*Asks:* 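Input: one structure, supplied below.
In this text, all values refer to a predicted model and were calculated from it rather than measured experimentally. Each chain gets a letter, A, B and so on, in the order its sequence line appears, and its residues count up from 1.
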Amino acid sequence: MVFYLFFLTPLFNFVTIWYYKHKNGKKINKKEYFTMIDIKQKVADILSEKIEGLSTEEIYELLEYPPNPDMGDVALPCFKLSRIFRKSPVQIAEDLMNNIQLPDSIEKAEAVSGYLNFFLNKSIFIREVLETIINKGDKYGSRDIGKGKNIVIDYSSPNIAKPFHIGHLRSTVIGNSLYKIFEFMGYNCIGINYLGDWGTQFGKLIVAYKKWGSKEAVENGQIKELMSLYVKFHKEAEENPALEDEARAWFVKMEKGDEEALSLWRWFKDISLKEFNRVYEILGITFDSYAGESFYEDKMQPVIEELKEKGLLKESEGAQIVDLEEYDMPPCMILKKDGSTLYATRDITAAIYRKKTYDFEKCIYVTGVSQSLHFKQWFKVIELMGYDWADQLIHVPFGTVSLGGEKMATREGKVVLLEDILNKAIEKTRAIIEEKSPHLENKDEIARQMGVGAVVFSDLYSNRIKDVSFSWDEILNFDGETGPYVQYTHARACSVLRKADEEVSLDFDSSILSSKEEYQLAKTLYLFPEKVYTAMEELEPSIITRYLVDLAQDFNRFYHEHSILVEDQALRNARLALVQATKITLANGLRLIGLSAPEQV
RNA sequence: GCGUCUGUAGCUCAGUGGAUAGAGUGUUCGACUCCGACUCGAAAGGCCGUGGGUUCGAAUCCCGCCAGACGCACCA
């Protein structure tokens, strides 16, 4: 699927351009054409006339961006062509250079040791890029490839009765970013917070509460009291394993509808939700559905029947399993020997329900990498049930968060609460604002946006599969490649535009923007749609995070080297357009990773 | 033991089979009468874990080994 989408990109552009060119037999609409600029496409079109035996799409795939600006803007490595044409790559590059006819938009082509390097006409390129961005505004980088298609994203999904700690942040922010990215690509997204509100851990909590807790203590201590009961349970259970059986028995009672068990469960759930919602509010994250595990309690029986009917269920050591030995996997357990259900039972049920309800094109699960096998197993069960949409289920794993080298474990009480981190980050930002911009309006809101931004950005900074070691110093560091740096850069661009106090006009002379900083900035701006697309394809928000740092750096270099609000009106107009385009792109990118883009900080 | 993932500058990390492997941070040295210095520039810093293989070409693909993380039936 990934390969398929990748292959489609150039085709999509090609077809779209063709469509615009031929629409109603009229000349193409300039504005529409500019929204589709694709410099590789331009080069591929030129080359395809001279290279026989390769389609435009194949040539497109060969093209790359040179590592160094001195080598041009787009390059064709001729080594692979060498075999087809039985000529040396050097020769091919030179022959092509001498034969191709360059349009105005390409200044020159140079053959250099087996590469054919194309140099764009800078002025035309900058004009096209800036016009595109300013015309499209907050749609710059968006597509409509997902039009009419649904994508379910299952993320955050904290366990009730456990505190929301730094480990939960990753699922929340990665999922939230994927939601925004797919939405930007035209998909209709359904964000589901699959709350862990069912299962044996409630049995444990009930046992602990009845033995060592009290109504008063829970009402006063809220989730912290629940957590300490949970921790105490595991401590005691080490000495007295019979407690585990008691806990399982209480869960069986829950599944059988025992009123005492259920009312305690509801109470614990309410307490937890209050806490979670407070954190989501600080983060500024919402969900379309909070259908947690308990939602599927009355829907599992038919699925178990279905597994039985399809001959997949097998008894083993008293439990009901689906044997996956044939696929080199341990069995997928469906029912425990006491007849109660498990995680996999609910996941399978939920997937079937979601397919029926949302008719998704993809259903994405954002969870820790430690659950990889679990997903592999039950995805296989769905396939064995004969559902051809099994390949639409996608597990998006992320690395483990550790605490000073040790794994965080709620059971042992070793956690850093997310709310504490967010509040500290906000506090720190607030202090900086107080010092640097004491006259700022709504300081509290800006402090929240930037403090949260710092934490979220740092979580989305590396490839999601990497393990992270939590450190207060790192998460509260606002220097270098951080959220505040990018947000600050955006605010700075806004500030210049405010000072200019004039409409940014599209009527500017792009040939004035001739410095290397200006050209480099335009090139980076150009890359944004491609980066967003890759981030979607690879389900990897860090691609956008990285890009934003590059863009902010390029802008700051430009800003440092050149004055924008100069007397020369033509130069001023052109540079303001560049600033406006940067502002738009930074804001769009920040939005896609779930950060605010305040205009003043 | 088996399986999955990770290993790149002192540290944290980027890096589509292609040209001289890049940022940030830390260290050293610089730049503010100037649009917001939470900024910018320069220097130093690399057997890309290791040994083979494939290829015109490998940090990138394949195999072995080493190190670490995470899994491997009644938790989620």
*Asks:* Roughly how far apart, to the nearest Å, are B:G22 and B:C2 at atom C1'?
*Replies:*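 To the nearest whole Å, 38 Å.
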*Asks:* Could you tell me which nucleotide pairs with B:U20 by Watson-Crick or G-U wobble geometry, both distances under 3.5 Å, or answer none if nothing does?
*Replies:*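 Matched B:U20 with nothing under the 3.5 Å cut-off.
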*Asks:* Taking only the side-chain heavy atoms of A:Gln600 (C-beta and beyond), determine which of B:C35, B:A73, B:G36 contains the nearest atom.
*Replies:*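 Closest of the options to the side chain of A:Gln600: B:G36.
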*Asks:* Taking the basic N atoms (NZ, or NE/NH1/NH2) and the acidic carboxylate oxygens, is any pair closer than 4.0 Å for A:Arg575 and A:Glu518?
*Replies:*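 Between A:Glu518 and A:Arg575 there is a salt bridge, with a charged N closer than 4.0 Å to a carboxylate O.
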*Asks:* Write down the distance separating the C1' atoms in B:G17 and B:C13, rounded off to the nearest Å.
*Replies:* 23 Å
*Asks:* Determine the Euclidean distance between corresponding P atoms of B:G51 and B:U60; express it in Å to zero decimal places.
*Replies:* 13 Å
*Asks:* Over all strands shown, is A:Glu293 touching base, sugar-phosphate only, or nothing at heavy-atom distances under 4.0 angstrom?
*Replies:* sugar-phosphate
*Asks:* Please tell me which of the listed nucleotides, B:A14, B:U20, B:A76, lies nearest to the side chain of A:Tyr343?
*Replies:* B:A76
*Asks:* Suppose we define a pair by two distances each less than 3.5 Å, Watson-Crick or G-U wobble; what does B:U60 pair with here?
*Replies:*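 When the pairing criteria are applied, nothing turns out to pair with B:U60, so the answer is none.
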*Asks:* In whole Å, what is the span from the CD atom of A:Gln377 to the C1' atom of B:G71?
*Replies:* 10 Å
*Asks:* Can A:Tyr60 and A:Asp38 be counted as having a side-chain donor-acceptor contact under 3.5 angstrom?
*Replies:*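 Looking only at side-chain atoms, A:Asp38 and A:Tyr60 do form a donor-acceptor pair, the distance falling under 3.5 Å.
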*Asks:* Taking only Lys NZ, Arg NE, NH1 and NH2, and the carboxylate oxygens of Asp or Glu, determine whether A:Lys443 and A:Glu434 approach each other closer than 4.0 Å.
*Replies:* yes
*Asks:* Taking CZ from A:Phe398 and C1' from B:C70, how many angstroms apart are they, rounded to a whole number?
*Replies:* 13 Å
*Asks:* Using the P atom as the point on both nucleotides, what is the distance between B:A67 and B:U50, in whole Å?
*Replies:* 15 Å
*Asks:* In the strands shown, is B:G7 matched to any nucleotide by a Watson-Crick or G-U wobble pair with both distances under 3.5 Å, and which?
*Replies:* B:C66
*Asks:* For A:Tyr343 and A:His374, take the angle between the two ring planes, folded into 0 to 90°, and tell me which bin it lands in: parallel under 30, tilted 30 to 60, perpendicular over 60.
*Replies:*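 Because their plane-to-plane angle is under 30°, the rings of A:Tyr343 and A:His374 count as parallel.
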*Asks:* Considering Watson-Crick and G-U wobble pairs with both distances under 3.5 Å, what does B:G26 pair with?
*Replies:*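 Partner of B:G26: none.
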*Asks:* Classify the side-chain pair A:Tyr533/A:Glu538 by whether it contains a donor and acceptor separated by less than 3.5 Å.
*Replies:* no
*Asks:* So A:Lys499, base contact, sugar-phosphate only, or nothing? Heavy-atom distance under 4.0 Å.
*Replies:*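 The answer is sugar-phosphate, as A:Lys499 gets under 4.0 Å only of primed atoms, P, OP1 or OP2.
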*Asks:* Taking atom C1' in both B:G3 and B:A42, what distance in whole Å separates the two?
*Replies:* 49 Å
*Asks:* Which part of the nucleic acid, if any, lies within reach of A:Gly196 when heavy atoms closer than 4.0 Å are counted: base, sugar-phosphate only, or nothing?
*Replies:* nothing
*Asks:* Between the protein and nucleotides 38-45 of chain B, which nitrogen or oxygen pairs come in under 3.5 angstrom?
*Replies:*
{"from": "B:C38", "atom 1": "OP2", "to": "A:Lys436", "atom 2": "NZ", "distance (Å)": "2.7"}
{"from": "B:U39", "atom 1": "O2'", "to": "A:Arg492", "atom 2": "NH1", "distance (Å)": "3.4"}
{"from": "B:C40", "atom 1": "OP1", "to": "A:Tyr485", "atom 2": "OH", "distance (Å)": "2.8"}
{"from": "B:C40", "atom 1": "O2'", "to": "A:His560", "atom 2": "ND1", "distance (Å)": "2.9"}
{"from": "B:G41", "atom 1": "OP1", "to": "A:Arg557", "atom 2": "NE", "distance (Å)": "2.4"}

*Asks:* Under 3.5 Å, which protein N or O atoms sit close to an N or O of nucleotides 54-63 of chain B? Give each pair with its distance.
*Replies:*
{"from": "B:C56", "atom 1": "OP1", "to": "A:Arg83", "atom 2": "NH2", "distance (Å)": "3.4"}

*Asks:* Is there a donor on the side chain of A:Ser316 or the base of B:A73 sitting less than 3.5 Å from an acceptor on the other?
*Replies:* yes
*Asks:* Let's test this: given Watson-Crick or G-U wobble pairing with both distances under 3.5 Å, identify the partner of B:A31.
*Replies:*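 Paired with B:U39.
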*Asks:* Between B:G36, B:C13, B:A69, spot the one nearest the side chain of A:Asp467, thanks.
*Replies:*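 The listed nucleotide nearest to A:Asp467's side chain is B:A69.
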*Asks:* According to a strict under-4.0 Å criterion, is A:Asn463 in side-chain N/O contact with OP1 or OP2 of B:U6?
*Replies:*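 So the side-chain polar atoms of A:Asn463 never come under 4.0 Å of the phosphate oxygens OP1 or OP2 of B:U6.
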*Asks:* Identify whether any heavy atom of A:His395 sits under 4.0 Å from a base atom; if not, whether one sits that close to sugar-phosphate; answer base, sugar-phosphate or nothing.
*Replies:* nothing
*Asks:* When rounded to the nearest 0.5 angstrom, what distance separates CD in A:Gln520 from CZ in A:Phe555?
*Replies:*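 If I round to the nearest 0.5 Å, the distance is 14.5 Å.
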*Asks:* Can you find a side chain N or O atom of A:Lys466 that sits less than 4.0 Å from OP1 or OP2 on B:A14?
*Replies:* yes
*Asks:* Looking only at side-chain N and O atoms, does A:Gln600 offer a donor or acceptor that is under 3.5 Å from a partner on A:Ser495?
*Replies:*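 A:Ser495 vs A:Gln600: no donor-acceptor pair found between side chains.
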*Asks:* Could you tell me whether A:Ser340 contacts a base, only the sugar-phosphate backbone, or nothing, with contacts defined as non-hydrogen atoms closer than 4.0 Å?
*Replies:* nothing
*Asks:* Within the structure, does a side-chain N or O atom of A:Thr200 lie under 4.0 Å from either OP1 or OP2 of B:C75?
*Replies:*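 Checking A:Thr200 against B:C75: at least one side-chain N or O falls below 4.0 Å of OP1 or OP2.
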*Asks:* Which part of the nucleic acid does A:Pro331 contact within heavy-atom distance under 4.0 Å: base, sugar-phosphate only, or nothing?
*Replies:*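 Base: the residue A:Pro331, judged by heavy atoms under 4.0 Å, touches a nucleobase.
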*Asks:* Just by distance, no angles: are the side chains of A:Asp347 and A:Tyr296 close enough, under 3.5 Å, to form a donor-acceptor pair?
*Replies:*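 Judged by distance alone, the side chains do not pair up.
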*Asks:* Does any non-hydrogen side-chain atom of A:Leu76 lie less than 4.5 Å from one of A:Val43?
*Replies:*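 The answer is no, as the side chains (C-beta and beyond) never meet within the 4.5 Å cut-off.
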*Asks:* With C1' as the reference atom in both, quote the distance from B:U28 to B:C65 in angstrom, rounded to an integer.
*Replies:* 41 Å
*Asks:* Tell me whether A:Lys40 is salt-bridged to A:Glu64, with the criterion being a basic N under 4.0 Å from an acidic carboxylate O.
*Replies:* no
*Asks:* I'd like the C1' distance from B:G30 over to B:A37, given in whole Å.
*Replies:* 14 Å
*Asks:* Kindly point out which of B:A14, B:C35, B:U16 is positioned nearest to the side chain of A:Tyr65?
*Replies:*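 Out of B:A14, B:C35, B:U16, the nucleotide with an atom closest to A:Tyr65's side chain is B:U16.
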*Asks:* With a cut-off of under 6.0 Å to the ring centre and 45° to the axis, is A:Lys235 in cation-pi contact with A:Tyr230?
*Replies:*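 Checked: cation-pi criterion not met.
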*Asks:* Name the nucleic acid region contacted by A:Ser495, choosing base, sugar-phosphate or nothing; use a 4.0 angstrom heavy-atom cut-off, strictly under.
*Replies:* base
*Asks:* Quick check on contacts: within residues 366-374 of chain A, what sits under 4.0 Å from RNA chain B by heavy-atom distance?
*Replies:*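 Listed by number, they are A:Ser370, A:Gln371, A:Leu373.
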*Asks:* I need the CG-P distance between A:Leu460 and B:C13, as an integer number of Å.
*Replies:* 14 Å
*Asks:* Map A:Lys376 and A:Leu335 onto RNA chain B by nearest heavy atom, then report which one ends up closer to the 5' terminus.
*Replies:* A:Lys376
*Asks:* Under 4.0 Å between any heavy atoms, over every strand shown, what does A:Asn117 touch: base, sugar-phosphate, or nothing? Just pick one.
*Replies:* base
*Asks:* For A:Pro89, answer base if it contacts any base atom (sugar-phosphate contacts may also be present), sugar-phosphate if it contacts only those atoms, and nothing otherwise; contact means non-hydrogen atoms under 4.0 Å.
*Replies:*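 Nothing, no heavy atom under 4.0 Å.
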*Asks:* Before accepting this row, confirm whether a basic side-chain N of the pair A:Glu561/A:Arg557 lies closer than 4.0 Å to the acidic partner's carboxylate O.
*Replies:* no
*Asks:* For nucleotides B:U25 and B:A21, find the distance between their P atoms and express it as a whole number of Å.
*Replies:* 23 Å
*Asks:* For B:U12, does either OP1 or OP2 sit under 4.0 Å from a side-chain N or O belonging to A:Ser469?
*Replies:* no
*Asks:* Take A:Phe558 and A:Ile321, find for each the nucleotide of RNA chain B with the closest heavy atom, and name the residue whose nucleotide sits nearer the 5' end.
*Replies:*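 It is A:Phe558 whose nearest nucleotide is closer to the 5' end.
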*Asks:* Which part of the nucleic acid, if any, lies within reach of A:Asp550 when heavy atoms closer than 4.0 Å are counted: base, sugar-phosphate only, or nothing?
*Replies:*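 Result for A:Asp550 = nothing.
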*Asks:* Check whether the ring centres of A:Phe379 and A:His395 lie less than 6.0 Å apart, and answer yes or no.
*Replies:* no
*Asks:* Looking at B:A73, which nucleotide sits across from it as a Watson-Crick or G-U wobble partner, both distances under 3.5 angstrom, or is there none?
*Replies:*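 When the pairing criteria are applied, nothing turns out to pair with B:A73, so the answer is none.
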*Asks:* Between the side chains of A:Lys523 and A:Asp73, is the shortest nitrogen-to-carboxylate-oxygen separation below 4.0 Å, so that they form an ion pair?
*Replies:* yes
*Asks:* If you compare every side-chain N and O of A:Arg546 against the phosphate oxygens of B:C13 (OP1, OP2), does one of them come in below 4.0 Å?
*Replies:* no
*Asks:* If you look at every strand shown and take non-hydrogen atoms under 4.0 Å, does A:Ala75 touch a base, only sugar-phosphate, or nothing?
*Replies:*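 Base, at least one base heavy atom under 4.0 Å.
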*Asks:* Can a donor-acceptor pair be found between the side chains of A:Asp338 and A:Ser340 at a distance below 3.5 Å?
*Replies:*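 Side-chain D/A pair, A:Asp338 to A:Ser340: present.
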*Asks:* From the options B:A76, B:U12, B:C72, select the nucleotide whose nearest atom is closest to the side chain of A:Gln201.
*Replies:*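 The listed nucleotide nearest to A:Gln201's side chain is B:A76.
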*Asks:* May I ask you to decide if the ring planes of A:Tyr365 and A:Phe375 are parallel, tilted or perpendicular, using 30° and 60° as cut-offs?
*Replies:* tilted
*Asks:* For the side chain of A:Ile465, starting at C-beta, report the closest nucleotide among B:C5, B:C35, B:C75.
*Replies:*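 Nearest nucleotide to the side chain: B:C5.
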